[in-house]
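Working notes for the structure below.
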Amino acid sequence: MAKLILSMDGLVLKEIPLTKERTTLGRKPHNDIQIDNLAVSGEHAVIVTILNDSFLEDLGSTNGTVVNGNPVKKHFLQNNDVIELGKYKLKFIGEAAPAAGAGGDKADFEKTMVLRPATMKAAAQAAAAAGGGGAAAAVAARQAAVQAAGQSAAATGIADKDAAKAPAAAPAAAAPAAAPAGAPAGKPGGQPLGAIQLLSGGNAGKELELTKPLTTLGKPGVQVAVLTRRPQGYFITHVEGEKRPDVNGQQIGAAPHALKDHDVIEIAGIKMEFFLKS
Amino acid sequence: MDLSQNLEIATCTDPGMVRSHNEDSIAADPANGLVVLADGMGGYNAGEVASGMATTVIVTEMRQILTGAKPYQVDTKTKEEIAPKIVREQVLKANTSIYQAAQTQPQYAGMGTTLVVCLFYDNRLLVAHLGDSRLYMLREGKFKQVTRDHSLLQEQIDSGIITAEQAKKAAHKNLVTKALGIDPTVEPEIHEYPTKVGDIYLLCSDGLCDMVEDEDIGMTLQALGQGNLKLTAEHLVQMANDNGGRDNVSVILVRVLREYPGTKGMMGKVFGWLK
């Protein structure tokens, strides 16, 4: 759970966990976090917490709200942000990403689910009625609701599966596949860069580096093939045309064909050599 | 009018690299120019049930209606084309079916699904959507997102709380604010756009757009779409899986091969003049 650490002149006064969806800050006693100082407005600011994200919003305070030295109106709080209200400082400590398997109660946040205030309220009420009572129980119930909606799916074995799929010929296959799944659309990094050199035709001798995820080759309407750059290495796939491309004099099948260093490809009558640059 | 000669449709769906079930569901009716994609959610296999019901109900009901009517036909009472109305009605019908199943059978409680429906007619496209499954368009080399997600993240971006950059890192990507089958009634967002010959439309579940950058999706459509649509669909799924494939991935591609103007009947023309 995210929390705030309230301090003045470097002296820690208290720790405040952000248990509620709305946590208000201000001078008046009805605020969740009361700061009795004249530099603080009656209703100064509010922190809205939704699952793991907290947003700070200034409620039109007289002296404003400052985060990391910059005045803000609305701010998406990041770990270690320092909110300044007059002489007081509030350090925001975000919820650490739950370690895999820790407690085993991690909701699967990848699953699509519907956010409906009604369900949340109902869950909170149910928990309160069940004798739990209090804000903490409501939060727990809300998390439970989210979790129930999210049906836990085993998120294990990503690396294993990918590695098993990779052909033995692709040396760097395991590395990008095993990279944390938290990097969507990660570019295949750390794998050798491939290139082709034309061996025949008008542009013979010309070299083309295959930096893009996919490169199309050939003549549209006649014969087209695509070279794809994947974590497992480079592949050639037939796209259109009566004849499929040749690799080392053999016509490839309909499925993607893995390319090896120094393979010779022939597309639309043009020969070219594929090679890996280190 | 049979549109299967005017539109080329390719589909591909895959459970991804992590999940064992595929809760996505896709359906296409090329003759009627109809494609439907749904990304189900809910415990055990209820997600599959919800998305499966959504696609089946909408495709069968629409097929039935379109045997006796044309989407561009004008309603005699409202003086408006019937397309938005019939699509909306079928979406609501699917909503009711899923909602009732969820209410009456405990194992389906809380199930729901996102939805994108595209109906092509009269050189136009009508899109209805709910949730975070998307429609993209590639036209003359430009790739853009057509639908706007019904998600908490999109709302936060719209209200300026977070930037699109921060959104990529946010933890609550998966929270949708609208879905099919969750409430007794729902209002799908419906829009209509003119189509052009050569356009490629992409319907996808969040398993694709969360794993693959828009730029890379656009590049793939551009490089392969005109040559081999089926391969393009498979390639997009493969890209999502290469990047981790953490969710089910579904893709429907529709390419406009030639024009498909609707021929209005006598009555339609008369009402057209009167309007």
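Here the structure is a predicted model, which is why all the values come from computation and not from measurement. So you know, we letter chains A, B, ... as the sequences are listed, proteins then strands, and number each from 1.
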query: Side chain, backbone, both or neither: which part of Val224(A) has an atom under 4.5 Å from a heavy atom of chain B?
result: neither
- prompt: Does Arg139(B) reach the main-chain N or O of Ile200(B) with its side chain, forming a donor-acceptor pair under 3.5 Å?
  reply: no
field: Reference residue Met111(B); test side chain to side chain contact (heavy atoms under 4.5 Å, CB included); the match among Glu48(B), Met53(B), Gln105(B)
entry: Met53(B)
message: One thing to verify: whether Asp247(B) and Arg19(B) come together as a salt bridge, which I'm taking to mean a side-chain N less than 4.0 angstrom from a carboxylate O.
response: yes
field: Pi-cation contact, Tyr201(B) with Arg255(B) (under 6.0 Å, within 45°)
entry: no
Salt-bridge criterion met for Lys74(A) and Asp58(A) (N-O under 4.0 Å): no
Heavy-atom contact with chain B under 4.5 Å, split by part of Thr237(A): side chain
query: Measuring heavy-atom distances to chain A, does His150(B) have an atom under 4.5 Å in its side chain, in its backbone, in both, or in neither?
result: neither
Under 4.5 Å from a heavy atom of chain A, the part of Leu231(B) involved: side chain
field: Salt bridge flag under 4.0 Å for residues Lys196(B) and Glu140(B)
entry: yes
- request: Using a cut-off of under 4.5 Å on heavy-atom pairs, state which of Gln226(B), Met239(B), Gln156(B) scores highest against chain A.
  value: Gln156(B)
query: Given a strict heavy-atom distance threshold of 4.5 Å, which part of Thr220(B) is in contact with chain A: side chain, backbone, both, or neither?
result: both
message: Report which part of Glu234(B) has an atom under 4.5 Å of a heavy atom belonging to chain A: side chain, backbone, both, or neither.
response: neither
